[in-house]
Protein chains: 2
Amino acid sequence: MMSSNNSVDVLEDGAFAASKNSWNRYYSNSVVQPLLTDLYQITMAYAYWKSGKIDDHAVFDLFFRTNPFHGEFTIFAGLEECLKFMENFHYSETDIEYLKHALPQGIEEEFFEYLGQLTAKDVTLYALKEGSVAFPRVPLIKVAGPLIIAQLLETTLLTLVNYASLMATNAARYRMVAGRHINLLEFGLRRAQGPDGGLSASKYAYIGGFDGTSNVLAGKLFNIPVKGTHAHAYITSFTGTQELKTRVLAHKETGDKRDLLELAIDHRVQLSKLLDISTEESSEGELAAMVSFAIAFPDGFMALVDTYDVKRSGLLNFCAVALALNDQGYRAVGIRIDSGDLAYLSCLARETFERISEQFKLPWFSKLTIVASNDINEETILSLNEQGHKIDCFGIGTHLVTCQRQPALGCVYKMVEINAQPRIKLSQDVVKVTMPGNKNVFRLYGADGHALIDLLQRVDESPPEVGQKVLCRHPFQESKRAYVIPTHVEPLYDVYWADGRVTQAMPSLEEVRDRVQNSLRTLRQDHKRTLNPTPYKVAVSDNLYNFIHDLWLQNAPIGELS
Amino acid sequence: MMSSNNSVDVLEDGAFAASKNSWNRYYSNSVVQPLLTDLYQITMAYAYWKSGKIDDHAVFDLFFRTNPFHGEFTIFAGLEECLKFMENFHYSETDIEYLKHALPQGIEEEFFEYLGQLTAKDVTLYALKEGSVAFPRVPLIKVAGPLIIAQLLETTLLTLVNYASLMATNAARYRMVAGRHINLLEFGLRRAQGPDGGLSASKYAYIGGFDGTSNVLAGKLFNIPVKGTHAHAYITSFTGTQELKTRVLAHKETGDKRDLLELAIDHRVQLSKLLDISTEESSEGELAAMVSFAIAFPDGFMALVDTYDVKRSGLLNFCAVALALNDQGYRAVGIRIDSGDLAYLSCLARETFERISEQFKLPWFSKLTIVASNDINEETILSLNEQGHKIDCFGIGTHLVTCQRQPALGCVYKMVEINAQPRIKLSQDVVKVTMPGNKNVFRLYGADGHALIDLLQRVDESPPEVGQKVLCRHPFQESKRAYVIPTHVEPLYDVYWADGRVTQAMPSLEEVRDRVQNSLRTLRQDHKRTLNPTPYKVAVSDNLYNFIHDLWLQNAPIGELS
């Protein structure tokens with residue numbers, strides 16, 4: 001398994017810094033550009049413009065209605081990319097040309113002139129901290145500004161937040177079920193939604209708590225540790241030991257040259273007795289492949305052992321080569337198992353390593369890394385935990401990057417205020433009713449340090465105070481109320497964008513990644529468990545409750561029974 | 001509903017051509033670059049290089065093992081992007097610098113020099129035609145060339161083919177259940193895997209048979225028709241008719257100016273009697289919003305009618321505004337319904353349109369477009385078909401772009417030959433056994449023009465001939481054999497890349513899109529039906545059968561019962 005431990009070097013290297021910048025430039029100008037939106041945003045912009053709503057001021061909330069994966073929390077991610085998008089919001093000349101073709105005839109020319117000079121400078125964007133845990137109905141992002149530009153941001157902000165948050169949440173869930181001491185690697189590039197889908201997956205898996213990725217470009221662009229060994233093809237590319245053109249490896253310290261194949265064959269004979277496995281059953285091609293790989297990476301030898309048969313071939317060949325490497329002063333890293341009964345095979349491998357460790361007096365041999373990587377999802381890990389396994393590291397691809405259990409987070413972007421007048425979207429389905437007005441959000445903490453409740457208030461209310469009783473109400477069920485005396489009150493919003501610029505120092509990827517784990521620690525365990533987690537409460541102040549329900553009554557038509 | 005009918009204009013416009021080029025440049029150099037791969041490809045490359053395998057020649061097959069969505073066919077897509085990737089395959093200086101950091105210490109400098117000058121020029125790539133129907137085990141792409149470079153292409157080719165084919169297949173399935181006469185629009189950008197996931201979704205949905213997208217950037221880059229009207233926010237941004245700053249619309253022919261709001265209010269009074277709906281129940285804000293939208297788009301008036309209540313507000317307001325537009329010489333386009341019982345509401349709307357059509361002697365009014373767009377998937381459409389509905393157009397987002405029923409196609413890339421020696425990957429799971437050797441594929445057609453079977457042969461066999469009996473064998477079940485006398489034999493492979501260049505004129509997006517439908521027409525209906533479709537047969541020649549099974553026996557270890 002190869003790894004990039006030189007994170008700082010890489011970041012400070014001039015070449016990478018340059019490449020990082022050029023990436024950012026690409027990212028903002030070439031894809032995350034204002035035309036990456038739904039056409040209706042632009043038709044609405046024209047209709048608003050044409051209706052004289054150019055100076056209208058609106059507030060929009062970006063939020064989701066239910067947590068993904070049958071869980072009770074979500075990780076908010078994607079904010080930095082939203083801000084890059086805001087910074088670069090500008091329709092190019094060819095964009096305007098294209099829109100003149102794509103929109104119906106008869107659009108006034110002045111509208112295109114208006115679009116051509118439009119930027120996000122008059123918008124203020126509030127948001128939770130990237131990497132925080134978040135809950136249904138609490139707006140992740142609040143956008144306040146001129147109606148037209150605020151509306152034009154909708155689709156792109158949703159695109160940037162939805163998958164990022166879904167992916168970070170999924171990764172965080174894998175981290176929770178795997179536990180803190182297991183290495184988690186993202187291997188999903190080949191199954192993601194195309195090239196950039198794969199890059200986003202790698203980035204947000206890392207944020208959510210993965211330790212590395214196989215995606216080299218993600219490593220280069222985001223400075224995420226990259227990992228990987230070899231595929232079955234490497235093993236099958238060798239038919240026998242006669243194909244080995246290089247067999248000699250110099251001793252790490254003494255420089256003494258020995259034939260690694262001969263050493264491995266000798267060890268294999270010994271091991272076949274110790275382990276009671278006939279050497280005739282083990283593949284010569286596999287042995288040759290492993291010897292060649294060990295010669296290429298004597299310090300990082302990790303081998304795939306399931307090409308032919310883990311028990312009768314792969315494990316025996318690996319251990320023989322590992323002992324041969326040991327003769328030459330190198331320590332092997334471990335094995336990867338990509339098929340079969342992972343619980344059984346990992347225990348078998350560990351037991352084998354332990355026997356060899358004892359027999360050859362090599363304590364480190366018992367601790368060789370065991371990586372498993374066959375179609376793993378949350379349930380597989382839970383089931384392996386139950387059965388008992390000896391896996392140190394999971395390589396997870398398809399289920400992680402496609403978020404198979406729920407492939408989309410349903411964030412929406414709803415207008416809640418226009419020209420200081422609140423707006424409510426009613427629906428027969430109560431979960432679809434929006435929370436009207438310009439709101440603030442506070443997280444109230446209890447004496448044990450855990451988060452108790454998120455409280456939405458109208459912006460003109462005074463914040464809840466530590467030690468003071470706060471009435472928290474269910475937004476829709478009149479009788480559900482509770483008094484909370486917080487020991488700590490956290491205002492959840494910061495202003496991230498105002499007056500045409502980003503107003504906060506942006507945290508590094510590592511800092512966001514740490515925030516995910518720190519933020520999750522503030523949640524009680526019962527909110528986080530896999531089976532029947534307890535919903536975390538999101539409440540409204542008494543004032544906001546009354547405001548919502550007055551508005552609801554004003555707006556709901558009185559039906560007629562017939 | 002807005003549309004871009006000026007496809008050709010757009011393509012031929014210099015500005016867009018330029019922007020298209022810059023996109024291509026980005027696409028090839030910035031994302032789909034050789035570093036968009038799994039690290040293990042590069043570690044394997046080094047080990048191959050170090051083992052002296054630099055002149056080894058390999059053949060790899062890219063194929064899937066099962067059709068997605070419980071179906072019995074797959075659409076092959078992504079080929080053009082694979083070829084662009086091949087054309088631009090080159091490690092930049094910063095790539096090499098990065099790899100020196102990311103790979104373990106001790107890699108020989110000459111390897112990086114080797115990588116730095118590596119291109120895909122010595123590779124030959126065979127493939128099915130993009131947009132063809134394809135089946136399990138038939139390689140979609142066959143790569144032949146030097147082992148190292150052929151191996152290094154793996155991940156990127158898989159990334160480019162997997163999602164593209166999955167998405168095109170999903171779209172084609174929606175097209176089949178919706179029927180030929182329903183408009184299908186892709187609305188999924190906000191729920192896709194980030195920006196480029198959204199672009200890929202729009203592109204391959206169009207190839208699979210959708211008629212357009214809401215994604216404006218996809219429209220600009222790929223020249224796909226873009227569509228869209230307005231969101232609920234547009235409606236809720238108006239509280240009452242007093243907010244209408246512009247109410248006047250000139251008659252389309254005469255130029256005679258009238259107050260559109262007044263006209264609409266008059267029509268609403270009339271209609272409320274005809275339809276027996278009290279005007280008091282309909283929203284004034286909604287009416288104002290619709291009037292303003294109609295003034296902005298008098299020729300393309302399409303309105304969302306479910307913000308408050310379809311029956312008691314939205315439909316009445318829409319019809320009133322549509323009649324007012326008619327007074328001024330314009331024909332409305334239709335409505336969009338985004339919630340509720342779509343079968344019932346679409347029938348109600350159609351019936352309303354028909355009554356008005358008759359009452360006002362406006363035949364076109366009965367044919368107004370009804371778009372439905374609430375969380376639609378294949379099952380919803382099937383259920384709507386069963387219930388009966390009057391929908392003309394579906395706008396489909398989340399379920400289409402995330403391919404919710406199966407969010408990844410499991411294409412793999414397996415070595416089948418090295419230095420003219422076949423390679424077989426054995427597995428206890430027979431579906432995972434690979435088809436060894438360099439193969440050709442032919443599609444055999446029956447007298448009725450339908451495809452009968454895909455036949456894999458060894459490359460040195462002579463192709464099946466029209467009118468000649470061909471023995472087709474199940475690859476693994478000895479007793480399953482059939483004679484086929486084809487009336488037409490289609491060789492499935494073309495060479496797309498050889499001697500460092502693309503060797504075929506690449507079809508346009510439209511041509512690939514047409515091929516999907518034409519190719520699907522060659523399949524019998526029972527292979528395509530939603531419920532329990534019949535598997536299409538993929539067979540091997542007798543020669544290939546024997547070749548596989550001889551090799552299998554040579555390679556499979558003889559077990560010991562214990």
Side-chain angles (χ1 to χ4, degrees), chain A residues 2 4 6 10 15 19 26 30-32 35-40 43-44 46-47 50-52 94 97-98 101-102 104 155 158-159 163 189-191 193-197 200 214 216-217 219-220 226 228-230 233-234 236-237 245 281 292-293 296 300 398 402 404 407-408 415 418 423 557, chain B residues 2 4 6 10 15 19 26 30-32 35-40 43-44 46-47 50-52 94 97-98 101-102 104 155 158-159 163 189-191 193-197 200 214 216-217 219-220 226 228-230 233-234 236-237 245 281 292-293 296 300 398 402 404 407-408 415 418 423 557:
Chain A
M2 316 306 152
S4 158
N6 313 8
V10 175
S19 114
Y26 134 67
S30 293
V31 167
V32 188
L35 232 49
L36 188 84
T37 190
D38 293 308
L39 183 68
Y40 79 177
T43 60
M44 278 193 276
Y46 178 62
K50 179 87 180 159
S51 316
T94 65
E97 281 305 304
Y98 175 70
H101 281 84
T155 305
L158 287 172
T159 303
Y163 180 64
L189 174 58
R190 60 188 65 190
R191 304 288 164 81
Q193 283 187 6
D196 189 60
S200 301
S214 65
V216 188
L217 189 60
K220 181 182 177 192
V226 288
T229 171
H230 61 78
Y234 189 82
T236 55
S237 77
K245 291 182 189 152
E281 292 177 39
S292 75
F293 207 72
T398 312
T402 62
Q404 138 245 28
M415 184 192 290
I418 184 163
R423 280 295 176 278
Chain B
M2 315 308 154
S4 156
N6 313 10
V10 174
S19 115
Y26 133 66
S30 293
V31 167
V32 189
L35 232 47
L36 189 85
T37 190
D38 294 308
L39 184 66
Y40 78 177
T43 59
M44 278 193 276
Y46 178 62
K50 179 85 179 159
S51 316
T94 65
E97 281 306 303
Y98 175 69
H101 282 82
T155 305
L158 287 173
T159 303
Y163 180 63
L189 175 56
R190 61 187 65 192
R191 304 286 166 81
Q193 284 189 5
D196 187 61
S200 301
S214 65
V216 188
L217 190 58
K220 181 182 175 189
V226 289
T229 170
H230 62 77
Y234 189 82
T236 55
S237 78
K245 291 182 189 151
E281 293 177 39
S292 75
F293 207 72
T398 312
T402 63
Q404 138 245 25
M415 185 193 292
I418 183 162
R423 280 295 176 277

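Note on naming: letters A, B, ... go to the chains in the order of the sequence lines (proteins, then strands), and numbering restarts at 1 for each one.
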[X] side chain near [Y] side chain, heavy-atom distance below 4.5 Å:
X	Y	answer
A:L36	B:V216	no
B:K245	A:S51	no
B:V226	A:Y98	yes
A:T43	B:F293	yes
B:S237	A:M415	yes
B:K220	A:T94	yes

Practice item. Name the member of B:L158, B:T37, B:T155 that forms the most heavy-atom pairs with chain A at distances under 4.5 Å. Key: B:T37

For [X] and [Y], which heavy atoms make the closest approach, and how far apart are they?
X	Y	answer
B:T159	A:P195	CG2-N, 3.8 Å
B:A408	A:T402	CB-CG2, 3.8 Å
B:G228	A:Y40	C-CB, 3.8 Å
B:H230	A:M44	CB-CG, 3.3 Å

Which bit of [X] comes within less than 4.5 Å of chain B, counting heavy atoms only: side chain, backbone, both or neither?
X	value
A:L189	both
A:T236	both
A:R423	side chain

